[in-house]
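Notes for the one structure printed next.
Treat the numbers as computed from the prediction; the structure is a model and nothing was measured. Quick note on labels: first sequence line is chain A, next is B, and so on, each numbered from 1.
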Amino acid sequence: MKKEKLDTGIEKKNIIDRVWKFLASVKLGIILISLIAFTSIIGTIIEQNVQPEKTMKFFVKLFGPELAPKAYVVAQKLDFTDMYNSTWFLSILFIFSVNLIVCSLERLPAIYRAVNEPLKPLNIEAFNKYSIKKHFKLKGNMENAKKTIYPIIKRLGFKTEGERSIGIYQYYAQKGMKTRYAVYVIHLSIIVIFAGAVIGNLFGFNGYLNLPEGSKSSLAYTRDGKQHPLGFTIKCDDFNVDFYGNSDMPSNYTSWLTVIDNGVEVIKTKHIQVNKPLQYEGYTFYQSSYGPIPDNNEVLLVFKVTPKGGKPQFVSVGKNGNFNIESTKLTGKIVTFSPALAFDEEDKPYTYTKMLNNPAALVSFTEDGQPKYDRLILKRYSETWELPDGHKVELVDYFGYQYTGLQVRKDPGVWIVYLGCILMAIGLYASFFLNHKKIWVYLTDEKGYIDIKIAASANKHKQGYEIKIDTLLKKYIFKEKTTK
Amino acid sequence: MSSSEFFGYATMGYIVAMIMYIVFIAFKNERLGFSASIITIIGFSCHTIAFIMRWLDSYSMGIGRAPLTNLYESIVFFVWCLMLGYLVIEYKYKYRFFGAFVTPIAGMALGFVGLTGMSQEIQPLVPALKSNWLLAHVTMSFIAYSAFALSFVTALLYLVVATEKKSEGAYIFWTIAGSVFFIIIAAMGIDYVRYALVEGVKFESQNYLLTSTFLNPNKTITFLSYLVSILIIVIVWHYGFVLKNLLISFKIKTAILDELTYKMVAVGFPIFTLGGLIFGAIWADQAWGVYWSWDPKETWSLITWLFYAGYLHARMLKGWRGNKVAIIAVVGFITVVFTYLGVNIFLAGLHSYGDLS
Ligand code: HEM
């Protein structure tokens, strides 16, 4: 009875031990890394998070109409259409994290001991076993030899520890022991990044908000259209697309946003662009898209009117409104408007896109009620702004015609992710570009000259280390022409 | 002279050097090897001048940016880094035979630029691309890619020297990988001879890549191309030892090849992690508000990264040392190529959106 109990106890321990060993193995690590790499491919072939019809069409293209529905069912069962959020993929990532943590914990004590172990003096019998070794003799006594050797050790960056016995002097030192931790900093950084991602997914928000020029909203929307209260109000004062020259290639998208919190304008007309978002209360607003609202009737044409010899003035006019040119009797009436004017082969005007690519207004001017002339004024072409009488009417904006598409995000985990990235960068640098170096210099007094043995080793970049030692030896010793 | 003229000289230099390096290996004529190195250096200098001139040109056009923003410019930069890396290795290790395997990669990249007829103009940037993070991301990615390309060569050579038995997996792997590499270059060479020399085509805006062979509209020729390819693979498989003996006559050791492969990965990996993944994520975060969105390009970068992480760790397992590790390094570079070109060509084609331009 007693014996049996004991046995199961050991067995239990064995199982835990075995599981621990299994989770600590580098082989499992490599298998998991490969598994993540290979399964990730699926999601790059099957488009993720798209309408079922699109996936179906894709399967038809790939497998033909007969097999496509079957493939679709299988893909659906295995979550292939949203695989990066699927339980099975996240489970692999989870096991990978556990493997990484256990594996690192398993090795850390030994590394800690290695880092803190004091360096042993040179084992002179085993001199030939050291990976870098130099042997030569110098004329003179011990004091002179020490003076010659010391600067070399100092130049290599070591703080020396000395040891003395009769007729023998020894320097030995090591540095960069702590770089042995670098690998574990890299491993830790991966866990930190995962943690940041998990926090962002659990407590963050990722949605959008389309705001017409001049309007405001205190809600954002999730991808599936659910409302999300922001706790403050955001207003789009204006939106504008700039183009390269007269081409249709956009050079900049700019929104001017105002944030109103508790009735107070806390941020006023701040402009945001792609790569330059606006942040408020943990939310970040990114310029992500834009579009026209062609059926909006509350649009305003904004002109910059400069009477001949006078000062420029901004005027806003409704769809079919009028404006006067100051200190003249001229009145402009908007006849029609096109957001993107072009001319076909027969020189007939037409609108080539709904976007505000080439805004143009046909304005009919009257003087004292008498028709005078019609002008086609284009925002892009300054030569169309000049009126025959020397006045200038520039089309500045068509306000209220466009909406700005904002991506709205709240991610409390992003700073943790960035922290992980910084850790990773530091770890990578220390792991790949620094090393743990050791050096021993062993001086023996041999009547009239000193026998010098230098041994050295490094866990990485041995070649570079040896070259450095050779260069210094050449510089400090062999220029003095001594026996080698 | 203009930037593109200098670039033309550089391309010519690399191609001539490639031929000379290959002849040098076959006949071990030291003088020829030396001349090949000199021509490589001249080509590289022209390349550098072309790069700087293009940069200056963009300023005089009022666009003002480093020439690193489209497919054409990035491939040209890749070749520049690759040749720089190669010249450093040649100088440090005095391994000239190596050039015969690196210059073909340069030739392949440049041939790809020409044959696909991709746009070589200096174009203004769309708003999302105006970011210094993006610039750092692209620059560092390509430095890393060229380090990976060099590790690909050393790993492949490792397999050539380390394997012998025709039935051995690693031997079969290298003969297939090496043959495919050779077949693609040869097929591009045929395209060039046909279009540039015989038909006098100027490569612009039309994709000629492999249209003389594998993508020929004539089905018989396509079929023949595949047949010949299989034949080449079988021949290489059968006579692989010839290459091995040639290399051994240059006194190269597997240990040094393994070390070189590791060194290249050890340079490429941290740079790729920082530039390729971290800076890329920061850029995406600033531009779109998500640092990671699992889009195909991102995911393939991650796959590449995982492969090289796998390589670093596999070297720690005793049973995996040698052939298995070298195979991982070779496949790693194939994922690099796929990340850069395959995602745009195959995956995009699969979903019929976008194309080379
Ligand atoms: C993709 C994730 C990983 C990355 C980026 C990574 C990174 C690294 C790097 C850069 C090194 C140094 C390699 C060298 O110097 O050649 C290293 C070493 C190591 N890694 Fe990882 N690693 C990852 C995952 C793992 C996993 C899952 C395990 C667990 C099985 C693991 C176990 C180790 C061990 C045992 C070492 C050697 C430590 C030493 O030399 O003291 N790694 N890792």
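Salt bridge A/K462/A/E466: absent, no basic N to carboxylate O contact under 4.0 Å. A salt bridge links B/D285 with A/R409: the distance from a Lys NZ or Arg NE/NH1/NH2 to an Asp or Glu carboxylate oxygen falls below 4.0 Å.
Contacts between A/T284 and chain B at a heavy-atom distance below 4.5 Å are absent for every atom of the residue. Heavy-atom distances place no part of A/V408 under 4.5 Å from chain B, backbone and side chain included. For chain B, the nearby part of A/F433 is the side chain; its heavy atoms alone come within less than 4.5 Å. No part of A/Q279 comes within reach of chain B, as not one of its non-hydrogen atoms sits under 4.5 angstrom from that chain. Of the atoms belonging to B/I271, not a single heavy atom falls under 4.5 Å from chain A. Neither the backbone nor the side chain of B/D295 comes within less than 4.5 Å of any heavy atom in chain A. Only the side chain of A/N206 comes within contact range of chain B, with at least one heavy atom under 4.5 Å from a heavy atom of that chain. Residue B/K297 does not touch chain A at all, counting heavy-atom pairs closer than 4.5 Å. Heavy atoms of A/I30 lying under 4.5 Å from chain B belong exclusively to its side chain. Heavy-atom distances place no part of B/I328 under 4.5 Å from chain A, backbone and side chain included. Residue B/Y262 touches chain A through its side chain alone, counting heavy-atom pairs closer than 4.5 Å. Heavy atoms of A/Q48 lying under 4.5 Å from chain B are absent altogether.
Per-residue counts of heavy-atom pairs under 4.5 Å with chain B were compared for A/P250, A/S251, A/S288; the largest is that of A/S251. Counting heavy-atom pairs under 4.5 Å between each of A/F38, A/Y429, A/Y418 and chain B puts A/Y418 at the top. Chosen from A/K276, A/K57, A/M424, the residue pairing most often with chain B at heavy-atom distances under 4.5 Å is A/M424. Looking only at heavy-atom pairs under 4.5 Å with chain A, the residue among B/F269, B/W300, B/W320, B/F307 that has the most is B/W300. Between chain A and the residues B/Y291, B/W133, B/W292, B/W305, the most heavy-atom pairs under 4.5 angstrom are made by B/Y291.
The environment of NZ in A/K468 is sparse: at most 12 heavy-atom neighbours from other residues, nucleotides or ligands sit within 6.0 Å.
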* Go through the steps to decide whether A/I186 and A/S431 satisfy the test side chain to side chain contact (heavy atoms under 4.5 Å, CB included), and finish with yes or no. => CA-CA 8 Å; A/I186 300 176; A/S431 169; 3.9 Å; yes
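Between A/H228 and A/Y283, the ring planes lie perpendicular to each other; the angle is over 60°, past the 30° to 60° tilted range.
A side-chain hydrogen bond (donor to acceptor under 3.5 Å, both in side chains) with A/S255 holds for exactly one of A/H271, A/Q287, A/Q273; it is A/Q287.
Looking at A/D79, its side chain never comes within 3.5 Å of a backbone N or O of A/D82 through a donor-acceptor pair.
Taking the six-membered ring for Trp and the full ring otherwise, B/F272 and B/Y308 have centroids separated by 6.0 Å or more. No close placement of the B/F98 and B/Y93 rings is indicated, their centers lying 6.0 Å or farther apart.
In this model, a donor atom of one side chain and an acceptor atom of the other lie less than 3.5 Å apart for A/S104 and A/H187.
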